[in-house]
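Values below: every heavy atom of this structure, side chains too, minus hydrogens, waters and symmetry copies. Both counts, for ligands and for their atoms, begin at 1 and track the order of listing.
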Amino acid sequence: MELRLYDTMTKEKRVFTPIDPSNVRMYVCGPTVYDFAHIGNARPVIVFDVLFRLLRHIYGDKHVTYVRNITDVDDKINDRAVRDFPGLPLNEAIRKVTETTANQFQADVAALGCLPPTHQPRATEFVLPRPDGKADMVTLIKQLIARGNAYEAGGEVLFDTQSMPDYGALSGRKLEEQKAGARVAVDVHKKNPADFVLWKLSSENEPGWDSPWGRGRPGWHIECSAMSAAYLGDVFDIHGGGLDLIFPHHENEIAQSRCAHGTSVMANYWMHNGFLQVEGEKMSKSLGNFFTINELLTTDRFGGRKWPGEVLRLAMLKTHYRSPIDWTVSSLEEAFQNIGNWNDALSPHALSNMPGSYALPDEILEAVADDLGFSKVIAQMHQWAKLSKTGDASAAKKLAGTADFLDLGRSGWDKTLQEFLFKTATDNALNSKFDELIAAREDARARKDFKESDRIRDELAAMGVVLKDGRDADGRPVTTWEIAR
Ligand SMILES: [Zn+2]
């Protein structure tokens, strides 16, 4: 079995060969923790979670190191801290913003069925030289200055893009074009408009660290160069992120890391997921189509209902990771139906509910190993569901093995999903049993046999059904039921 991945650097699918199969190393740019993560942020998290699972499957759980950083120093964070906690000293306000946002992020992505990465370093812990000797930003910047790739000017340390002959190789942008394009603001102290900030001075009430260039803070790009080197070394296997990060972020990470370490590459494979839009439009707060992961999970703002994490996960995976995705209510409804159908197909078979009980079928491994191909996976799952409904136990096991591998919640790890499956997809027999019991209880109440009506209520409660007695528009008593949460 060959794993093939599309590499943005060479613009082709290539056979994946790890530097060291006993420690396959992947870095993915993580969130800047100033606000709740939106649904577009969920895409790389889910996509690279599947790749992480695939690598673990191929090389072994203990032989893959996945690092996803947390950017907890950024001017957006400072602005948010000032806005939300005007009474607090800035550093305390920043801590509040970053801690609550980072915790929320972890909860959101766990609800999407994503495994925690091996390491989740926080940028602020990698600014200054560390007692454990792991790579840090100040040392990297010193190396860049010493090697003639960076200079101090106008209260900043800047990367000298002209010092690197092949700067721009990932995005295909030439330095000349950038000059002509003039989209980069020209600061007088820069040697070249494309030069970017490694370090900048902080005012007294901004967060800052003492450095050889004065009390200041790092630029965004240097953070990832330091944290990737700290855990994965100077050169590693896979670097991932969204398409929007290719330029300037990844281009600048490459420039810093390669020049500081004197290597010809930073990572051997550069992988990028495509853009996400909502109902055919770019997601934006001003258009009112901006949705956080948390809103989709816990409110009915999108499509008038809450969506289980599995449904969001499947809806994201059904579009190939490199294609643009249109996030629509109908695509979520379809994913919801798919999961319901698969669970429905599995329910007549006496399968273990323990995730991981069944092997990953070869057909699925082969499809996913071809640059995370998904269309074949979905088609195959539908096929197995059909066979499974006719009593084919081996098809049922393959379907369960696939759902386990993708963590599509075969055991129903989300309450909303359980409720959905309970009510609509699986057990119609159970539903009619509920209706029967409720009718019997209504009869008992009508003849004022409250002992019997209470007994039936308790029987239903034991099955997880909660009754609600009320009155209809004409004042007649009605009883509705729901699954207890
Ligand atoms: Zn990064």
Side-chain angles (χ1 to χ4, degrees), residues 7-9 25-35 37-38 40-49 51-52 65-77 98 101-102 105 109 114 117-127 134-141 144 159 161 164 167-171 173 194 196-200 217-261 263 265-275 321:
D7 177 14
T8 311
M9 185 67 88
R25 290 163 284 162
M26 171 164 80
Y27 186 90
V28 175
C29 296
T32 300
V33 286
Y34 70 100
D35 205 353
H38 59 70
N41 302 135
R43 195 173 190 194
V45 179
I46 294 172
V47 163
F48 290 103
D49 178 67
L51 180 57
F52 183 38
T65 306
Y66 171 21
V67 178
R68 187 181 63 214
N69 70 293
I70 292 172
T71 293
D72 60 350
V73 48
D74 189 283
D75 289 352
K76 286 198 276 281
I77 297 173
T98 58
T101 315
F105 177 78
V109 301
C114 297
T118 322
H119 303 286
Q120 298 195 68
R122 286 164 171 268
T124 47
E125 289 163 14
F126 291 81
V127 177
K134 281 192 163 67
D136 66 271
M137 299 171 212
V138 164
T139 306
L140 274 182
I141 297 169
L144 288 169
F159 185 90
T161 45
M164 185 187 187
Y167 177 83
L170 182 70
S171 60
R173 296 190 189 211
F196 57 90
V197 170
L198 302 171
W199 189 264
K200 57 186 160 190
R217 59 197 191 281
W220 172 34
H221 315 304
I222 196 72
E223 298 179 12
C224 287
S225 283
M227 288 181 276
S228 60
Y231 288 99
L232 304 175
D234 297 352
V235 178
F236 50 94
D237 296 299
I238 299 168
H239 193 311
L243 209 58
D244 51 327
L245 296 184
I246 294 177
F247 188 88
H249 185 54
H250 289 168
E251 200 72 83
N252 293 349
E253 279 188 38
I254 292 171
Q256 297 160 160
S257 294
R258 281 185 46 200
C259 292
H261 303 131
T263 55
V265 297
M266 175 184 186
N268 284 334
Y269 299 80
W270 285 85
M271 293 180 67
H272 294 96
N273 63 272
F275 289 115
Y321 79 95

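With a 4.5 Å cut-off on side-chain heavy atoms, Met271 and Met26 do not count as touching. A 4.5 Å side-chain heavy-atom check between Val67 and Ser228 finds every atom pair outside the cut-off.
When the side chain to side chain donor-acceptor pair (under 3.5 Å) test is applied to Thr161, the partners found at least two apart in sequence or on another chain are Asn192, Asp195. With sequence neighbours excluded, the residues that form a ring pair (Phe, Tyr, Trp, His ring centres under 6.0 Å) with His221 are Phe196, His249. Qualifying side chain to side chain donor-acceptor pair (under 3.5 Å) partners for Asn69, counting only residues two or more places apart in sequence or in other chains: Tyr27, Thr71.
A side-chain N or O of Ser225 and one of Ser257 form a donor-acceptor pair less than 3.5 Å apart.
By the criterion of a separation under 2.8 Å, the protein N/O/S atoms near the Zn ion (ligand 1) amount to Cys29 SG, Cys224 SG, His249 NE2, Glu253 OE2.
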